[in-house]
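Position 1 is the first residue of the sequence; numbering continues from there.
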Amino acid sequence: MARGSITETYHAALAHGLVDLPEGTSRVGVVRRPTSWFRGEVDENVSELAPPEGLLDAFQERREDLKMQGMCDEGAHNAAWEELKFEERYREHLDGADARMALSGLADRVASGEDVALVCYEGDSKRCHRHTLKELLEERTA
């Protein structure tokens, strides 16, 4: 059986028809705090693959501080990401037992032929954990 594909997108792109996913693609949310409107655009949410609460809280606080200092939203987002070593800390989170199990389960689905789209809140111009997650899934299913 052929390996499935792994794509990534964000909620607003789905909600406004800005992304064209292959038919049958499973829309897998990877957010810690899914809203009802987010859940309406995904088939499931795997919160174990979202960044941990503490990292999200620190990130949101720093991003808001930078915005209060006059940075635009995108600039504040990306600067906070770098300052907090978000990607490194997210990768550490994915080494935990629950996240490893969820990652393995998703990798198995892709390896068995399922097409998967990773979905979160952030638009394409902002640094996002789903890029890292996609990279790790691709490594596991290569």
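- A distance of 9.0 Å separates OH of Y10 from NE2 of H16, quoted to the nearest 0.5 Å.
- Atom CD in E122 sits 10.5 Å away from atom CD in E74 (nearest 0.5 Å).
- Judged by distance alone, the side chain of R62 and the main-chain N or O of E83 form no donor-acceptor pair under 3.5 Å.
- The hydrophobic clustering, which links ILVMFWY residues whose side-chain heavy atoms are closer than 4.5 Å, places Y121 and L56 apart.
- Distance check: E8 CD to R130 CZ gives 5.0 Å after rounding to the nearest 0.5 Å.
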>> Test side-chain contact (heavy atoms from CB on, under 4.5 Å) on L118 and L106; report intermediate values, then the result.
In response: CA-CA 10 Å; L118 305 172; L106 200 51; 3.9 Å; yes

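- Going from atom NZ of K134 over to atom OG1 of T7 covers 7.5 Å, rounded to the nearest 0.5 Å.
- Residues R89 and E92 are not paired through a salt bridge, judged by the lack of any N-O separation under 4.0 Å between the basic side chain and the carboxylate.
- The salt bridge (Lys or Arg N to Asp or Glu O under 4.0 Å) search around R63 returns none, not counting sequence neighbours.
- Taken together through direct or relayed side-chain contacts under 4.5 Å among Ile, Leu, Val, Met, Phe, Trp and Tyr, V46 and L14 form parts of separate hydrophobic clusters.
- No chain of hydrophobic side-chain contacts below 4.5 Å, direct or via other Ile, Leu, Val, Met, Phe, Trp or Tyr residues, connects L55 to V31.
- Annotation: the span from Q60 atom CD to D65 atom CG amounts to 12.0 Å, rounded to 0.5 Å.
- The existence of a salt bridge linking E44 and R109 is confirmed by a sub-4.0 Å separation between a basic side-chain nitrogen and an acidic carboxylate oxygen.
- At a threshold of 4.5 Å between side-chain heavy atoms, the hydrophobic network of Ile, Leu, Val, Met, Phe, Trp and Tyr places M71 and F59 in two separate groups.
- In this structure, the side chain of D43 engages the main chain of R27 through a donor-acceptor pair within 3.5 Å.
- Residue V119 comes nearest to H11 through the heavy atom pair CG1-N, 3.9 Å, listed as atom of the first residue, atom of the second, then distance.
- A distance-only check finds no donor-acceptor pair linking the side chain of D73 to the backbone of K67 [under 3.5 Å].
- Both V30 and L136 are assigned to one and the same hydrophobic cluster, defined by single-linkage of ILVMFWY side chains at heavy-atom distances under 4.5 Å.
- Contact check on R127 versus E87 returns a salt bridge, with a Lys/Arg side-chain nitrogen under 4.0 Å from an Asp/Glu carboxylate oxygen.
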Please list every donor-acceptor pair under 3.5 Å in which a side-chain atom of residues 95-105 meets a protein atom from a residue at least two apart or in another chain.
residue, atom, partner, partner atom, Å
R100, NH1, D95, O, 2.3
S104, OG, R100, O, 3.1
S104, OG, R140, NH1, 3.0

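- In terms of heavy atoms, L66 sits closest to A80 at CD1-N, 3.7 Å.
- If you take CG on L49 and CG on L133, they are separated by 5.5 Å, rounding to the nearest 0.5 Å.
- What you find for P22 and D115 is that their closest heavy atoms are CB-OD2, 4.4 Å.
- Judged as a salt bridge (Lys or Arg N to Asp or Glu O under 4.0 Å), and not counting sequence neighbours, the contacts of D57 are R33.
- The one candidate from H129, E53, E48 that meets the side chain to side chain contact (heavy atoms under 4.5 Å, CB included) condition with R32 is E53.
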